[in-house]
Amino acid sequence: MENKNLLKGVLFVAMGSSFYGMLATFVKVAYDQGYTTAEVTASQFVLGIIILGIINLIMSKKNKNTPAVKPKDKRRLMLAGTSLGFTSLFYYLAVQYINVSIAIVLLMQTVWLSILVESVLSKKIPSAKKLVAMLLVLAGTVLATNLINQEIELNPKGLFWGFLAACSFTTTMFTSNRVATYLPPYKKSIYMLFGGGIIVALFVFFSQLGPYYFSGLMDLYRNFSDDVTSIHPLNLEIFFTWGLFLSLFGTVLPPILLNKGFPNTGLGLGSIVSSIELPVSVTMAFIVLQEQVLAIQWTGIAIIIFAIVISNLNFKKN
């Protein structure tokens with residue numbers, strides 16, 4: 001029975017991480033079809049909130065003993081959820097300028113960033129094992145982004161947004177595991193999505209709708225960018241195409257699957273299994289987008305995954 005639960009846990013974590021890994025590729029396809037970052041993120045969060053709202057109503061009727069959310073935890077979850085909104089925005093902005101295979105490598109900088117944050121919060125120097133993992137991730141990143149040969153163009157804007165996405169995702173990881181732990185995943189997720197939705201709504205207004213409807217905001221917008229191609233009314237067609245896909249596989253299913261899987265795998269094994277997101281994302285970009293992925297990049301990706309394994313394994317003497 002224990003082995004069966006472990007296998008279920010591994011499958012849930014692998015599926016949830018794989019869904020996350022697919023997202024950037026389909027965002028890139030949506031961009032190619034003329035949709036903007038504002039439209040992509042708005043559709044993902046609006047539909048995600050609606051779907052999770054329906055799930056909450058159904059589950060609340062089925063499980064009447066589910067604990068009520070404390071008022072202070074509602075605010076804390078929404079505040080934690082703002083990092084969720086920032087992560088999506090920064091990550092999707094990154095793939096506008098760089099390959100998906102590079103963007104996902106930048107997002108995986110959460111490995112050493114989380115070790116760094118953990119050491120600062122605990123006021124302890126990281127263990128030798130974690131220091132080795134940090135160095136391996138940085139070395140793997142140099143290879144995976146091909147910084148040595150520069151055969152792939154690296155846009156500074158894309159690198160900037162990609163690293164910000166990693167910083168924001170690190171915040172999401174720390175806050176989501178420490179706030180309102182007594183709540184089931186579907187109830188926590190809806191409040192976090194509300195917080196992320198506020199950030200996305202502000203971005204949609206200031207980057208697209210505001211400048212279109214208010215000339216004063218258009219003048220302000222021109223101070224930051226000369227590209228006004230995204231300034232137009234929202235194309236609502238995305239809600240019936242990519243929006244539904246992105247909300248299901250980006251904001252609804254992964255949190256539920258990961259929260260169902262991690263209790264059975266444990267944090268260490270779960271983190272190792274979740275690293276499947278990296279090769280899945282790169283493989284999808286290679287197959288669907290036909291992005292160039294060099295042998296040196298695969299080597300870097302393998303090193304990053306090895307670093308994740310090292311940082312989460314407990315080496316014990318028999």
Side-chain angles (χ1 to χ4, degrees), residues 10 13-29 87 90-92 94-116 126-167 169-170 173 265 267-315:
V10 168
V13 172
M15 285 172 63
S17 301
S18 297
F19 290 155
Y20 269 140
M22 296 176 187
L23 281 185
T25 294
F26 294 107
V27 168
K28 199 93 166 178
V29 174
T87 301
F90 295 152
Y91 190 40
Y92 294 167
V95 299
Q96 277 190 324
Y97 302 103
I98 54 176
N99 286 355
V100 169
S101 53
I102 303 296
I104 187 63
V105 168
L106 292 173
L107 189 65
M108 297 305 287
Q109 302 309 296
T110 50
V111 177
W112 67 266
L113 283 169
S114 60
I115 293 172
L116 186 64
S127 64
K129 177 181 72 172
K130 289 186 176 180
L131 285 172
V132 169
M134 288 175 71
L135 292 172
L136 283 173
V137 169
L138 292 171
T141 301
V142 170
L143 296 177
T145 55
N146 200 27
L147 282 173
I148 298 171
N149 298 320
Q150 280 289 297
E151 291 178 49
I152 295 173
E153 186 179 348
L154 297 176
N155 187 302
K157 288 183 182 177
L159 297 178
F160 173 73
W161 292 121
F163 183 69
L164 278 186
C167 294
F169 190 47
T170 303
M173 287 171 63
T265 62
L267 188 59
L269 178 59
S271 298
I272 293 168
V273 175
S274 67
S275 66
I276 195 173
E277 178 184 348
L278 182 53
V280 165
S281 184
V282 175
T283 303
M284 286 293 292
F286 178 74
I287 295 172
V288 177
L289 303 174
Q290 297 182 336
E291 285 187 359
Q292 182 185 20
V293 185
L294 306 173
I296 192 172
Q297 290 178 268
W298 284 113
T299 304
I301 289 164
I303 290 172
I304 293 171
I305 293 173
F306 181 60
I308 294 168
V309 172
I310 283 179
S311 66
N312 288 285
L313 277 182
N314 288 319
F315 298 100

[X] to [Y] - nearest heavy-atom pair and separation:
{"X": "Ala144", "Y": "Val105", "result": "CB-CG2, 3.7 Å"}
{"X": "Ile98", "Y": "Gly158", "result": "CD1-O, 3.6 Å"}
{"X": "Ile104", "Y": "Tyr91", "result": "CD1-OH, 3.5 Å"}
{"X": "Ser101", "Y": "Gln297", "result": "OG-NE2, 4.1 Å"}
{"X": "Thr87", "Y": "Phe169", "result": "OG1-N, 3.3 Å"}
{"X": "Ala94", "Y": "Gly162", "result": "CB-N, 3.6 Å"}

> For Lys28, which residues count as a salt bridge (Lys or Arg N to Asp or Glu O under 4.0 Å) partner, sequence neighbours excluded?
Replying inline: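 Per chain and number, Lys28 pairs via salt bridge (Lys or Arg N to Asp or Glu O under 4.0 Å) with no residue.
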> In chain order, what residues pass the side chain to side chain donor-acceptor pair (under 3.5 Å) check against Tyr92, with sequence neighbours excluded?
Replying inline: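 Testing Tyr92 for side chain to side chain donor-acceptor pair (under 3.5 Å), a comparison that skips the adjacent residues, returns Gln44.
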I need the [X] [atom1] to [Y] [atom2] distance, nearest 0.5 Å.
{"X": "Leu138", "Y": "Ile304", "atom1": "CG", "atom2": "CD1", "value": "9.0 Å"}
{"X": "Leu131", "Y": "Ile310", "atom1": "CG", "atom2": "CD1", "value": "12.0 Å"}
{"X": "Cys167", "Y": "Leu116", "atom1": "SG", "atom2": "CG", "value": "10.0 Å"}
{"X": "Thr25", "Y": "Glu291", "atom1": "OG1", "atom2": "CD", "value": "7.0 Å"}

Listed pairs under 3.5 Å, donor-acceptor, residues 276-286 side chains, sequence neighbours left out:
from: Ser281; atom 1: OG; to: Gly21; atom 2: O; distance (Å): 3.2
from: Thr283; atom 1: OG1; to: Pro279; atom 2: O; distance (Å): 2.6

> Looking at residues at least two apart in the chain, or sitting in another chain, which of them share a side chain to side chain contact (heavy atoms under 4.5 Å, CB included) with Ile303?
Replying inline: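 Ile303 satisfies side chain to side chain contact (heavy atoms under 4.5 Å, CB included) with Leu136, Leu143, Thr299 only.
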> What residues form a side chain to side chain contact (heavy atoms under 4.5 Å, CB included) with Leu135, not counting sequence neighbours?
Replying inline: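 Not a single residue meets the side chain to side chain contact (heavy atoms under 4.5 Å, CB included) criterion with Leu135.
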> Taking only residues at least two apart or on different chains, which pairs with a member in residues 106-116 satisfy side chain to side chain donor-acceptor pair (under 3.5 Å)?
Replying inline: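 Pairs touching residues 106-116 that pass the test: Gln109-Trp112, Gln109-Thr141.
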>> What verdict does the side chain to side chain contact (heavy atoms under 4.5 Å, CB included) test give for Leu106 and Phe90, after you've listed the backbone C-alpha separation in whole Å, the side-chain angles of each residue and the deciding distance to 0.1 Å?
In response: CA-CA 11 Å; Leu106 292 173; Phe90 295 152; over 6 Å; no
> Within a strict 4.5 Å, meaning less than it, do heavy atoms of the Phe160 and Leu164 side chains meet?
Replying inline: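 Side-chain contact under 4.5 Å: yes.
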>> As a quick check of understanding, evaluate side chain to side chain contact (heavy atoms under 4.5 Å, CB included) for Val132 and Lys129, giving each step before the final call.
In response: CA-CA 5 Å; Val132 169; Lys129 177 181 72 172; 5.9 Å; no
